[in-house]
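As structure tokens, the structure follows; a few thoughts come after it.
These numbers were taken from a predicted model, which means no experiment stands behind them.
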Amino acid sequence: MEKKYNHKDVEAKIYRMWEEKELFKAKVDPKKKPYCIILPPPNASGEMHTGNVLMIAIEDLLIRWKRLMGYEVLWLPGTDHAGFETQTTYERKLAKQGKSRLDFDRQTLYNNIWDFVHENKSLIENQIRQMGASVDWSRYTFTLDPFSLKLVCDTFEKMHADGLIYRGDYVVNYSFKWGTTFSDAETSYKEVSDPLYYIRYRLSDNSPSPKGEQEIVIATVRPETIFIDTHIAVNPKDENHSHLIGCKALNPITGHEMEIIEGSFVDPAFGTGIVKLTPAHDKDDFQVALAQDLPIINIIDLQGLITQGPQKGMTIKKARKSAVEQLKDLERIEKIDESYKHMVPVDYRSGDYIENLVLPNWFVKVDGLRNAALESIKNGEMKIYPKWRQLTYVRWLENMHDWAISRQVVWGIRVPVWYDSSKNPNISVTFLDSGGQAVSGTLSEILGSYTLKEVLSGLQTLRAPKNSEYVISQESPGENYVPETDTFDTWFSSGQWPLITLKYPDSEDFKYFYPTSVLETGWEIVTRWISRMVMFGIYLTGKPPFADVYLHGHVRAIDGRKMSKSLGNHIIPSDYIEQYGADALRMGLILGTAMGRDFNFPQDKILAFRNFANKIWNMARFMGVLEDNYNQEEGKELTIYSIDELKSLLQPKDIEILVGFDAMLKYVDSSLKKYRFADAANSIYQFMWKDLASDYLEDAKGRLDKDVALSVLRSVYLECLKVLHPFMPFVTEEIWQNLTAEKERPLAVQSWPKPYKMS
RNA sequence: GGGCUCAUAGCUCAGUUGGUUAGAGCGUUCGGUUUACAUCCGAGAGGUCCCAGGUUCGAGCCCUGGUGAGCCCACCA
């Protein structure tokens, strides 16, 4: 053995050995208890970040522990196509070449992204190997595999048949830049400064105010929508304004009468306490309009242009300026508050602006699914660790409203819907003609000049009005049909991930391993992902997809702030693997924190565990030296006795270390059961270094009954390797291979220690 | 606006249902190459457990109030 442990030479070699021997391939075995974790799929085109690394460290720890305990273990890896995120990454690449998605028909674009993803896919797979993850590669799954496509579409069909899917006009978050809808979960808010305009409205003579005022003033940041407004709201509890309810004001631009209605959402203290309603372009207003059956008028098209009125054809920004000019000319502006700051919706990744538009969309009715998901928590069928995170999950589910599942991106699973072109003349399409020129219009306009075949082969996007007639089918129902071009929200497919990976409903895997044992992931994904998996799992199988949910904390940068590329404080895990080894990185992260709490990247701990790897390496080496010396001094081969054989010869020091081992083992087991990984890790670490090396081994140097001491030392040391293996798999396996006979099974598939029971 | 979490050694953090002298890693001070390991060994210094009050025989831990930090959700024209 080398003087120093060199992880660089060892880790890749060991992983290859494990993989070649297929040690991690699960077999359905009814005689054994199953233990299953589905690896939360990293983005296919991504690179491993510290969150992934922590996740792998924890899951591999659980998986290897249970494998040694004798369970039939399955850890199933995969990657996610991450619809929108991947497409935007690809579009950025296109932009560098001076191109955009609009240069391609949807099929070509899809194929190009497919190639792009597969070029990059091996990167993340190799990083998973680098970490030592004992996953079953034979079951590797990608969210766009044929089985996945079929299951997701089958689920859609079933839900549609059960009345859980509907198509409706709804106010959605829409990005003009990316040309798609976003879910609420993908929308965040950013503070910006916009002028707040105070606009004077005359009251109509037909319904004068009881208090006799002639005018009211309304504050708005969106004067460009004024001309379509039909209603105004005040809070009924607002003493200054409630008398206005039922009165009518005149629209300052068009002069039409607008009724003043009550709205309990109106804050009397904000602005003037009076609000104009724009149901198509504001979520609150939309809800009021739905409840009170007010007209919903959309004046912004998908390019972000105003579709009617005096500002027709302008962008929102220009229209606003123009509307302000017009109002100034009409002397309707009382004042402009230039210092006003407010929160506007943006895409949570890119920070690009999002508008509220009313668009036809596919929706999931959440009411039918939510209660069962909540019930599984309340009755203990599914447990969340740490427990205090449960609240977030419950709150969120309780507040969840209907889920818009369609996205206008190409990269994803297409909604399996078709429209009969002859029955839906009002469907609007955009396609590239044979010369590559984009053509847009309704089917009835276009089919005069082009054949349907031409439209289909160059098809980019299609938008069907709410009441279009459609057929659900995964294949085209006939040559007269045009396909829906929307794809599913990524969470609609990843929400079915446990079912996709285990091949619901007929496979042996599914019957044996479902529900899985534990879902381990970051807490920030609770709402976006876990809630969906539970809802789909219960909907399709009657059971939540996992018994336990363990949520780890965020890894922050060394400076305690959130990691971000712009701050320059983000950490590249492979640098640490390179420098200190995957074992040290894993152990450092495991010991970095208590259960589920955020923590700073534990740089110095990783160093400490690199040293620890070297320490145990040298213990093994030294045991060899001691044994060689014994052979020379005694002139005979050292006999290694079992502890049973030595019972009557054991010295107090021997008993002490054996009893100590039992205590450590018990503590590790009970800590792991409770997901208290740091406690377990610290326990084996302290025992090996302090008790076994510094205390017992030092003492053994002076022992006269060397054969007894060396037998005890060897036994305890090997048992410790087993305990440490789930934490630091590479170095323990390498030492095991050095110390034990070649024909013995690798450490990864040995058995978990049993206590010595000396007392 | 609603909610969650945190505050313990110079730094980063453990401390389980209340129970002797509050721990670890890094850093720091002093001293060490005896049969492995300087990525080592031995010894030490270093804490008003954020503040105030309460419960208790006993509080870092439980309760109330405050201060400071971070985060999540919702979102007001």
Side-chain angles (χ1 to χ4, degrees), chain A residues 1 3-6 184-185 187-189 194 196-199 218-223 225 229 232-233 263 265-278 281-285 340 342-345 386 388-396 398-400 523-524 526-527 553-554 556 558-562 580-581 584 587-588 591-626 628-630 633 667 670-671 674 676 678-679 681-682 685-686 689-690 693-694 697-698 700-702:
Chain A
M1 288 171 82
K3 189 171 174 182
K4 280 182 188 174
Y5 171 64
N6 188 343
D184 289 345
T187 309
S188 75
Y189 291 82
D194 277 319
L196 183 63
Y197 302 95
Y198 285 74
I199 297 168
I218 297 179
T220 180
V221 288
R222 305 207 60 173
T225 60
D229 291 341
I232 288 168
F265 68 97
V266 178
D267 176 1
F270 186 88
T272 61
I274 309 176
V275 182
K276 73 186 194 68
L277 294 178
T278 313
H281 302 294
D282 182 281
K283 280 184 186 168
D284 270 343
D285 296 0
Y340 177 62
H342 66 149
M343 305 293 271
V344 296
W388 50 268
R389 293 274 189 216
Q390 203 171 289
L391 259 175
T392 318
Y393 172 79
V394 168
R395 285 274 150 71
W396 191 83
E398 283 169 351
N399 295 326
M400 185 180 183
W523 56 264
E524 71 278 4
V526 167
T527 49
H554 248 146
R556 292 184 306 241
I558 294 163
D559 59 13
R561 290 187 296 177
K562 218 170 160 174
Y580 301 109
M587 192 71 163
L591 228 144
T593 179
M595 178 156 87
R597 222 158 262 152
D598 292 355
F599 61 103
N600 298 1
F601 187 78
Q603 202 175 23
D604 49 17
K605 286 190 175 115
I606 292 165
L607 178 84
F609 290 114
R610 192 272 313 260
N611 296 352
F612 180 54
N614 190 58
K615 181 70 188 178
I616 62 168
W617 175 262
N618 269 289
M619 286 171 74
R621 207 155 72 86
F622 188 49
M623 278 162 47
V625 170
L626 288 177
D628 287 348
N629 290 351
Y630 177 91
E633 283 162 22
Y667 189 77
S670 73
S671 300
K674 291 183 281 189
R676 298 183 63 90
D679 288 354
N682 192 47
Y685 170 74
Q686 295 294 339
W689 200 315
K690 299 284 186 271
S694 299
L697 180 51
E698 286 304 316
K701 287 177 183 174

Quick one: stems for RNA chain B, with Watson-Crick or G-U pairs under 3.5 Å, at least three in a row? B:1-7 with B:67-73, B:10-13 with B:23-26, B:28-32 with B:40-44, B:50-54 with B:62-66
Would you say the side chain of A:Trp523 lies within less than 4.5 Å of the side chain of A:Thr392, judging by non-hydrogen atoms? no
Using whole Å, report how far OH of A:Tyr685 lies from P of B:A24. 11 Å
Expected string for nucleotides 70-77 of chain B under the B/S/- scheme (protein heavy atoms, under 4.0 Å, primed atoms plus P, OP1, OP2 as sugar-phosphate) is -SS--BBB
Judged by atom type as modelled, is there a donor-acceptor pair below 3.5 Å linking the side chain of A:Asp282 to the main-chain atoms of A:Asp285? yes
Please tell me if the side chains of A:Met623 and A:Val625 come closer than 4.5 Å, counting only heavy atoms from C-beta onward. no
Same-atom distance (P) from B:G19 to B:C49, integer angstrom: 16 Å
Rounded distance in Å - CZ (A:Arg395) to C1' (B:G2): 8 Å
Per-nt protein contacts along nucleotides 33-46 of chain B (heavy atom under 4.0 Å; B base, S backbone sugar-phosphate only, - none) come out as --BBB-BSSS----
Assign each of A:Gln686 and A:Pro602 to its nearest nucleotide of RNA chain B by heavy atoms, then name whichever residue's nucleotide is nearer the 5' end. A:Pro602
For A:Ala219 and A:Gly271, work out which heavy atoms get closest and say how close. CB-CA, 4.2 Å
What is the distance from atom CG of A:Leu626 to atom NZ of A:Lys701, rounded to the nearest 0.5 Å? 8.0 Å
What interatomic distance, in whole Å, is found between C1' of B:G66 and the corresponding atom of B:U29? 40 Å
N/O donor to acceptor pairs below 3.5 angstrom from side-chain atoms of residues 606-617 of chain A, sequence neighbours left out:
| residue | atom | partner | partner atom | Å |
| --- | --- | --- | --- | --- |
| A:Asn614 | OD1 | A:Tyr5 | N | 3.1 |
| A:Trp617 | NE1 | A:Glu2 | O | 2.8 |

With sequence neighbours excluded, what pairs up with A:His281 under the ring pair (Phe, Tyr, Trp, His ring centres under 6.0 Å) test? none
Does any part of the side chain of A:Asn600, heavy atoms only, come nearer than 4.5 Å to the side chain of A:Ile558, both counted from C-beta? no
Which pair of heavy atoms, one from A:Leu591 and one from A:Ala681, lies closest together, and at what distance? CD1-CB, 3.6 Å
Separation of the C1' atoms in B:U39 and B:A22, to the nearest angstrom: 30 Å
For atom CG of A:Asp679 and atom P of B:U17, their distance in whole Å: 12 Å
How about A:Thr220 and A:Thr225: do any of their side-chain heavy atoms sit closer than 4.5 Å? no
Could you measure between the two P atoms, the one in B:A9 and the one in B:A14, and give it in whole Å? 12 Å
Separation between the P atoms of B:U17 and B:C61, rounded to whole Å: 13 Å
What residues, two or more places apart in sequence or in another chain, satisfy ring pair (Phe, Tyr, Trp, His ring centres under 6.0 Å) together with A:Trp396? none
